[in-house]
Amino acid sequence: MRHIFAICFFLTFIFCAHSLSAQQDSGAEKNNVFMISEENLRDKIRGGLLGQILGNLNGIPHEMQYIQDPGEVTNYVPALPDGARTDDDTDFEWVYILEMQRRNTLYLSPEEIAGLWKERINRRIWCSNQYARQLMDIDLVPPLTGNLLLNPWAEFNISGQFLCETFGLLGPAMPQTASRIGLNYTRVAIDGEPAQTTQLFNTMIATAFVTKKLEVILEAGLAAVDPKSRLHKIIRDVQKWHRAYPKDWKRTRRELRDAYSQVGGAMRDRNGYELNTAATIAALLYGNGDFAATLQHAFNFGWDCDNTAATAGTILGVTKGYRWMLAQGWQIVDRYKNTTRQNMPDNETITSFADRLIDLAQKVILDQGGQQKSSNGRVFFLIPKETPAPVTPFFDGVGLQRQMVTAHRENIRSDVMANDLKTKARGAYMAICFGLAEELKASHPEYWPEALEALQGTEQVIQVLFHHSPVPAAESLREKVLQAGVVAPPEKRKLWE
């Protein structure tokens, strides 16, 4: 079997090398093997990263500005006249990428991820990521930090999409692999529906290496979403509205706002996957392959639009390529200035960041059974194509508490009885979240008050719950914590400087 596979690869290589010569390096495929030259792979990865950064940083002035009504941005020209800087849309992934390179691994362990956060990710973090970071202070590690019962943002937060795009660039023509890598990192702060957005967008990015046709890219993304997920209906609705109002994006924007607003435009909407995923898909459809027009639509659709523009920009950056983007005459300074992350390089550039991705993408290709070949002085990669499909099923939390109790009851009991205060606090927090507080209070009356006092002493965790989580799930959790005997802090204070 191995010999047959090798022969197929060789024949495919001969076919594709000839095809690529004729197609001027546009990429070729045969027998479910995709072939891409090293320079084209580099061009697409660099284009994807630059597209992501342009969408992110050019979108920041419009972030959270257009909630009830759309924006009126016109005549947008992509530019980075002062170069790029770190922002949460790219710098979480930057931290991971450097460590993945250093350790020569694609999947950092939960303990390694938590250690990185404590060392490097302590400021300019918000919402679900901010909550996850405080849970790490009581030694909870991923994916528990993104568990629906432990993190009240996890059920809806858009970290599943705006922290996944860079990993999509590591899996050209390999959507399932790209999704698995992405989920290893996005589930630090999310689960449920937001995990489906990781699969959606990483698949779309992986597919963009193979085709420029947006309808094919979008259908591939949809195939990677569990059919039970609400995301399916959201995407189909946007497609339906686009067909009904092909020249009226404002009508589509109004339709999706009315259909998917949860809390009248409050934080749950602004930071939720429903409106922001819909806005990303709508921007791609109305932009119709035009890079600047797509990002302009993303800004105007609103909500957390720097993130939606970054996702759309990544997809089109791959299809367009870096060389095309530089040829547009946009003012782009090749700098990636570190303004946010501790113990990280100060001399990074956009291209050096992209080169890290290229290095890891080549590792992914070879690890997944691909091959590197040379022909006429050029290097090519033969990549076994993957069929878009969900790699993690959807679940909405029904029955989750029972599963968590079964899996963690004894560990929670041990934590509550431990001598270490941080461990006691973790035990008390998990017991409250999983509905075990009364049981432990009755069965271990000598230990439970101490555990509760230890939790009260974890100021950051109590702060983030009571004063930095204005979302419905946190209201329910606050009631449980108060009922258990924890006292709310009297005033809000900063979690980071």
Side-chain angles (χ1 to χ4, degrees), residues 44-66 70-71 73-94 158-169 182 197-198 200-202 204-205 208 214 217-218 221 249 270-271 273 275-322 324-326 328 330-337 350 353-354 357:
K44 288 181 174 296
I45 290 176
R46 285 181 173 176
L49 181 63
L50 178 57
Q52 181 182 359
I53 292 173
L54 282 166
N56 170 212
L57 297 181
N58 290 179
I60 284 177
H62 311 287
E63 180 185 21
M64 302 297 185
Q65 298 299 306
Y66 320 125
V73 181
T74 58
N75 303 317
Y76 163 66
V77 178
L80 293 169
D82 298 318
R85 61 173 175 81
T86 52
D87 185 66
D88 64 344
D89 197 281
T90 59
D91 60 18
F92 285 84
E93 292 149 288
W94 183 46
I158 63 170
S159 290
Q161 53 208 79
F162 83 85
L163 296 186
C164 82
E165 304 107 329
T166 302
F167 304 114
L169 297 173
T197 69
T198 299
L200 168 70
F201 289 118
N202 273 6
M204 292 177 70
I205 293 165
L214 280 174
I217 293 170
L218 180 53
W249 66 267
R270 300 177 183 214
N271 200 243
Y273 74 91
L275 293 172
N276 287 287
T277 300
T280 307
I281 300 301
L284 286 164
L285 292 175
Y286 281 98
N288 195 32
D290 184 303
F291 185 88
T294 297
L295 266 60
Q296 182 172 297
H297 277 299
F299 304 154
N300 283 328
F301 268 89
W303 298 293
D304 208 339
C305 64
D306 64 318
N307 294 317
T308 61
T311 304
T314 307
I315 294 166
L316 288 189
V318 172
T319 64
K320 298 292 187 183
Y322 187 69
W324 177 90
M325 296 170 80
L326 292 186
Q328 302 313 298
W330 300 333
Q331 192 176 1
I332 306 289
V333 173
D334 188 21
R335 180 184 301 125
Y336 186 74
K337 184 179 180 181
I350 299 170
F353 186 175
L357 304 181

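Here the structure is a predicted model, which is why all the values come from computation and not from measurement. Along the sequence shown, residues are numbered consecutively beginning with 1.
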Whether [X] side chain and [Y] backbone form a donor-acceptor pair below 3.5 Å:
| X | Y | result |
| --- | --- | --- |
| Q296 | N75 | yes |
| N58 | A79 | yes |
| N300 | V73 | yes |
| K320 | D290 | no |

Rounded to the nearest 0.5 Å, how far does [atom2] of [Y] lie from [atom1] of [X]?
| X | Y | atom1 | atom2 | result |
| --- | --- | --- | --- | --- |
| L50 | I332 | CG | CD1 | 5.0 Å |
| I205 | L316 | CD1 | CG | 10.5 Å |
| F201 | E165 | CZ | CD | 8.5 Å |
| S159 | N307 | OG | CG | 8.5 Å |
| Y76 | H62 | OH | NE2 | 8.5 Å |
| L275 | F301 | CG | CZ | 11.0 Å |

How close do [X] and [Y] get, counting heavy atoms only, and between which atoms?
| X | Y | answer |
| --- | --- | --- |
| M325 | G47 | SD-O, 3.5 Å |
| G59 | C305 | O-SG, 4.0 Å |
| I53 | A84 | CG2-CB, 3.5 Å |
| A298 | A283 | N-CB, 3.6 Å |
| T294 | A312 | CG2-CB, 3.9 Å |
| T198 | C164 | CG2-CB, 3.9 Å |

Any side-chain heavy atom of [X] sitting closer than 4.5 Å to one from [Y]?
| X | Y | value |
| --- | --- | --- |
| T197 | N276 | no |
| R270 | D304 | no |
| T319 | I217 | yes |
| D306 | L57 | no |
| I158 | W303 | no |
| L285 | L214 | no |

Would you mind listing every salt bridge (charged side-chain N to carboxylate O under 4.0 Å, His left out) that reaches into residues 75-90, with sequence neighbours excluded?
R85-D87
Name the orientation class of the two ring planes belonging to Y336 and F353 (parallel below 30°, tilted from 30 to 60°, perpendicular beyond 60°).
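Tilted: the ring planes of Y336 and F353 meet at 30° to 60°.
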Classify the ring geometry of H297 against Y286: parallel below 30°, tilted from 30° to 60°, perpendicular beyond 60°.
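H297 and Y286: tilted rings.
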Starting from the C-alpha separation in whole Å, work towards a yes-or-no answer on side-chain hydrogen bond (donor to acceptor under 3.5 Å, both in side chains) for Q52 and T90.
CA-CA 8 Å; Q52 181 182 359; T90 59; 5.9 Å; no
Could you walk me through whether E93 and L357 satisfy the side chain to side chain contact (heavy atoms under 4.5 Å, CB included) test, starting with their C-alpha distance in whole Å, then the side-chain angles of each, then the deciding distance to 0.1 Å, before giving a yes or no?
CA-CA 10 Å; E93 292 149 288; L357 304 181; over 6 Å; no
